[in-house]
Amino acid sequence: MLISALSDLTVNDCHGLRFILTDFDDTLTWEGMLPVETLQALATLEANGIKVIPVTGGCAGWSDMIARALPVEGVITEGGACFIGKTEQKHLSYAFWREEAVMRDEQVRLLEQVNLLLVKYPRLRLARDQSYRITDVAIDYAQDVSPPAVAEKDAFLAELIALGLNAKASSIHINVCSKGYDKFSMAQRVLSQIYGLNEQEQQAQVLYVGDAPNDESMFARFPLSVGVANIEQHLSSMKYIPRYQTTQPGGLGFAELAKIVLSSRGGF
């Protein structure tokens, strides 16, 4: 399957669009920052009735701030472990994949296993935001590690998977979580249980944007999918790839997508 240019996204594709689900790091951000163009795009999408839900491997603490501070509908956090939504009064609500106490206990066991293995990989470290995580474990290979420890990341990820752990790599971290869920599983639950969309409606009304291999479960199931330009470096190792690709990287690519979507609907 070849990726089409974003300019091939048609008015018909965008006609029924109600939701944009998007990765956060290096998809809404670029070079560690949220571009002004991205913030403007988020605000304009919200004003035109398109609900944006970041779907991130980032920690719950970070995602709580995103849900409070940015014009988004809510945040699926820690790789699908929890949905941070908003009540009618704009208060935040947390909906976990399983009971919170159970997931916290599982996190303790995962952390013990990861720490035992980390001693073999001196360039890798627990992510600085580990203390703000509720359910998973994140290992930094490219966020505060410079230059990125790509070879070590690949070896460590292979070792985790060989042990039967649920581990995936993002553009900055390896995320290790309990089995049974991923980004798509929680996205499907949120869309069906909270917004009442059946499978056919999800296919027609949802677009997903991402940048890395941990977005594959979303690319595989949402026909309307977009990779920002920086996904190029990962494509050769991915089984499932997005349908379209932006010309700009990260949040600049997201703003590029938003402009096309809104223009097709007469809202930009």
Side-chain angles (χ1 to χ4, degrees), residues 23-27 29 31-32 54-67 75-84 94-187 210-218 233-234 237-239:
D23 181 58
F24 200 88
D25 290 301
D26 293 325
T27 301
T29 64
E31 297 181 336
V55 185
T56 177
C59 69
W62 169 233
S63 299
D64 185 291
M65 186 282 297
I66 293 170
V75 183
I76 294 173
T77 188
E78 297 189 10
C82 177
F83 175 60
I84 304 176
Y94 281 54
F96 290 86
W97 183 257
R98 289 191 287 275
E99 290 186 16
E100 180 179 356
V102 171
M103 298 190 79
R104 284 183 179 272
D105 287 344
E106 291 172 341
Q107 183 196 39
V108 171
R109 292 192 290 273
L110 289 171
L111 189 56
E112 290 173 351
Q113 291 177 281
V114 167
N115 278 327
L116 286 173
L117 294 176
L118 268 179
V119 296
K120 296 164 54 178
Y121 298 89
R123 292 204 62 217
L124 303 180
R125 64 191 71 167
L126 289 178
R128 293 290 301 196
D129 68 8
Q130 184 60 47
S131 297
Y132 311 113
R133 291 178 177 273
I134 297 176
T135 65
D136 74 341
V137 178
I139 300 96
D140 181 9
Y141 77 90
Q143 185 177 43
D144 295 317
V145 175
S146 184
V150 176
E152 293 87 344
K153 176 263 292 184
D154 291 340
F156 190 53
L157 181 60
E159 192 164 353
L160 291 169
I161 292 172
L163 288 174
L165 297 177
N166 187 9
K168 296 181 177 67
S170 73
S171 59
I172 56 173
H173 292 157
I174 296 172
N175 296 96
V176 189
C177 64
S178 342
K179 291 185 177 181
Y181 66 88
D182 57 15
K183 286 185 171 185
F184 175 75
S185 300
M186 181 57 92
D211 76 302
N214 68 337
D215 296 307
E216 284 190 271
S217 66
M218 305 293 270
Q233 63 187 310
H234 301 295
S237 65
M238 293 173 62
K239 180 178 180 181

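Just so you know, these numbers come straight off a predicted model, no measurement behind them.
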* Asked: Is a side-chain donor or acceptor of E78 paired with a backbone partner of T135 at a separation under 3.5 angstrom?
  -> yes
* Asked: What residues form a side chain to side chain donor-acceptor pair (under 3.5 Å) with S170, not counting sequence neighbours?
  -> none
* Contact summary for A127 and H173, nearest pair of heavy atoms -> CB-NE2, 3.7 Å
* **T27 and D211 side chains, donor-acceptor separation under 3.5 Å** => yes
* Asked: Do L163 and L117 pass the side-chain contact (heavy atoms from CB on, under 4.5 Å) test, and can you show the C-alpha distance, the side-chain angles, and the key distance before you say yes or no?
  -> CA-CA 11 Å; L163 288 174; L117 294 176; 3.6 Å; yes
* Which residue pairs pass the side-chain hydrogen bond (donor to acceptor under 3.5 Å, both in side chains) test with at least one member in residues 148-161, sequence neighbours excluded? -> K120-E159, Y121-E159
* Asked: How close do S63 and G58 get, heavy atom to heavy atom, and via which atoms?
  -> OG-O, 3.9 Å
* Asked: So do the side chains of L124 and L118 get within less than 4.5 Å of each other, counting heavy atoms only?
  -> yes
* Asked: Is there a side-chain contact between V102 and W97, using heavy atoms and a 4.5 Å cut-off?
  -> no
* To do: Considering non-hydrogen atoms only, spot the tightest contact between D136 and Q107 and give its length.
  => O-NE2, 2.9 Å
* To do: Might you point out which heavy atoms bring Y181 and C177 nearest each other, and give the distance in Å?
  => OH-CB, 3.2 Å
* Using a strict 4.0 Å threshold on nitrogen-to-oxygen distance, state whether K183 and D23 make a salt bridge. => yes
* Does S178 offer a backbone N or O that forms a donor-acceptor pair with the side chain of N166 under 3.5 Å? -> yes
* Asked: Does CZ in R123 sit with more than 12 non-hydrogen atoms of other residues, nucleotides or ligands closer than 6.0 Å?
  -> yes
* Any side-chain donor-acceptor pair under 3.5 Å between D64 and Y132? -> no
* Asked: Is the side chain of K179 donor-acceptor paired with the backbone N or O of G164 at a distance under 3.5 Å, no angle test?
  -> yes
* Measure across Y141 and I174 and return the closest heavy-atom pair with its distance rounded to 0.1 Å. => CD2-N, 4.2 Å
* Any side-chain heavy atom of V114 sitting closer than 4.5 Å to one from L126? -> yes
* Heavy-atom closest pair, residues D140 and I172 -> OD1-O, 3.5 Å
